[in-house]
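The block underneath contains the structure these notes are about, expressed in structure tokens.
Residues take their numbers from the sequence shown, with the count starting at 1. Remember, it's 1-based here, ligands and their atoms both numbered in the order they're listed.
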Amino acid sequence: MTKRALITGISGQDGAYLSKLLLDKGYTVYGGHRQSASGEFWRLTELGIFDRIEMVPFELLEPTNITRVLQKVRPTEVYHLAAQSFVGASFEQPIYTADVNALGTLRILEAIRSVDRSIRFYQASTSEMFGLIQAAAQAETTPFHPRSPYGVAKLFAHWATINYREAYGLHASCGILFNHESPLRGREFVTRKITRGLVDVHLGRREVLALGNLKAARDWGFAGDYVDAMWRMLQRPAGDDFVVATGHTHTVEQFLEAAAARLGFPIAWQGEGVDQVGVNAQTGRVVVRVDPAFFRPSEVDTLTGDARKAQELLGWTPTTTFQGLVEMMIDADRARATRTPTGD
Ligand code: NAP
Ligand code: GDD
């Protein structure tokens, strides 16, 4: 029987890579998308798969819509990726973020409970739940300490998923994914902001790139690798929770240095704190500066994942290095910039 996957958040980064993976495996893919004036599916178009996806209007705030979608699509697997996913915005929109990310997940779980309990469910949990880290490397057993309304809402969704597994026997899994990036990453996230921004500076399209906390450190992997772990979780005999990460951590500064190196120039750092600047060491021009507007009221300073459980039980390992990821993103943004006047 053909497997039928419903992916919520089909227009996002992970929705695109997961769709490609599942289509290649022979799945029928239903893409949940919210109604918007722009109808942006540029990621699916870039991967050449837009025409192969059955689009379904889907809104996390509307429980009746969620139930109808499940009744209509009759999925065998639901990959719940939709979310207000930008941590920075969650400080300005905490209630909306909780409604979408926390209650939105609960709405899907309730709909599965009443429509068909055999549906396998994937919850997009996050390393942001570790926040103020309680162990040098964070594993499934590490205590959580979220530092943003986003992280708090995701922690609710995480425990709701575990609760529905325990209470109603759902095949429900949480992937505690660490930051994963790609050429399809949204431009508001720091990696893509850097690759896109530095390309623009390099081409003379803008003067300088303004960023927030340059000392923040993340365990950055490639999104194309991480969606494979999602699929592996739902093929297991029962639901479970898994950390997905590379185990390697770099700072925003190091990401900038690697991105600039790919563009052919070294960055020299001068000054401290809000006065710190990054200078193109070949030209002497300031290419990076700090803008406190991008600081967060409470920050996640550093994250490093311990993905040994995923390696042992899912047979999953990342294939892309930090260096490879930065180069892939710079090359893609440079190619886009030369294709169109605005570089979109
Ligand atoms: P993304 O690119 O921001 O995509 C988010 C998706 O959610 C978009 O398709 C968006 O639709 C949709 N969405 C937002 N609000 C919605 C609503 N009210 N109803 C229905 N759909 C809605 O995120 P991503 O990077 O692919 O991440 C996928 C998931 O993994 C998210 O839940 C994120 O929180 C989680 N996660 C991501 C990472 C990471 O590093 N990328 C790490 C851990 C966990 P529009 O296009 O209409 O806005
Ligand atoms: N976005 C952004 N913009 N972040 C900046 C900037 C800037 O100008 N300057 C420094 N940073 C720092 C942030 O303060 C943060 O410490 C780090 O760079 C990463 O920020 P983001 O790329 O916005 O990602 P995130 O770690 O907050 O959240 C992402 O990863 C989570 C998993 O840990 C998102 O994809 C979440 O949805 C995901 O759950």
Heavy atoms only: which of Trp220, Tyr150, Tyr226 is nearest to atom 36 (N) of ligand 1?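 It is Tyr150 whose heavy atom sits nearest to atom 36 (N) of ligand 1.
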Can you tell me which residue pairs pass the side chain to side chain donor-acceptor pair (under 3.5 Å) test with a partner in residues 129-154, sequence neighbours excluded?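 The answer is Glu128-Ser148.
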Taking both backbone and side-chain atoms of [X], is any N or O found less than 3.5 Å from an N or O belonging to ligand 1?
| X | answer |
| --- | --- |
| Ser85 | yes |
| Leu177 | no |
| Glu59 | yes |
| Ala83 | yes |
| Gln13 | yes |

Once you measure the plane-to-plane angle for Phe265 and His202, does it fall in the parallel (<30°), tilted (30-60°) or perpendicular (>60°) bin?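 The rings of Phe265 and His202 lie parallel, inter-plane angle below 30°.
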Check for me whether Lys193 meets the cation-pi criterion with Phe294, that is, NZ or CZ under 6.0 Å from the six-membered ring centre and within 45 degrees of the ring axis.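 Yes; both conditions hold, so Lys193 lies above the ring face of Phe294.
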For Val252, counting its heavy atoms only, list the atoms of ligand 2 lying under 4.0 Å from any of them.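 Heavy-atom distances to Val252 below 4.0 Å select 18 (O).
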What are the two closest non-hydrogen atoms of Ala260 and Ile267, and how far apart are they?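 For Ala260 versus Ile267, the nearest heavy atoms are CB-CG1, 3.5 Å.
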Subset of ligand 1 atoms that lie under 4.0 Å from at least one heavy atom of Thr126: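 Those of ligand 1 that fall under 4.0 Å from Thr126 are 43 (C), 44 (C).
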Counting each atom of ligand 1 from 1 as listed, which ones have a heavy atom of Phe58 under 4.0 Å away?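 Counting from 1, the qualifying ligand atoms are 20 (C).
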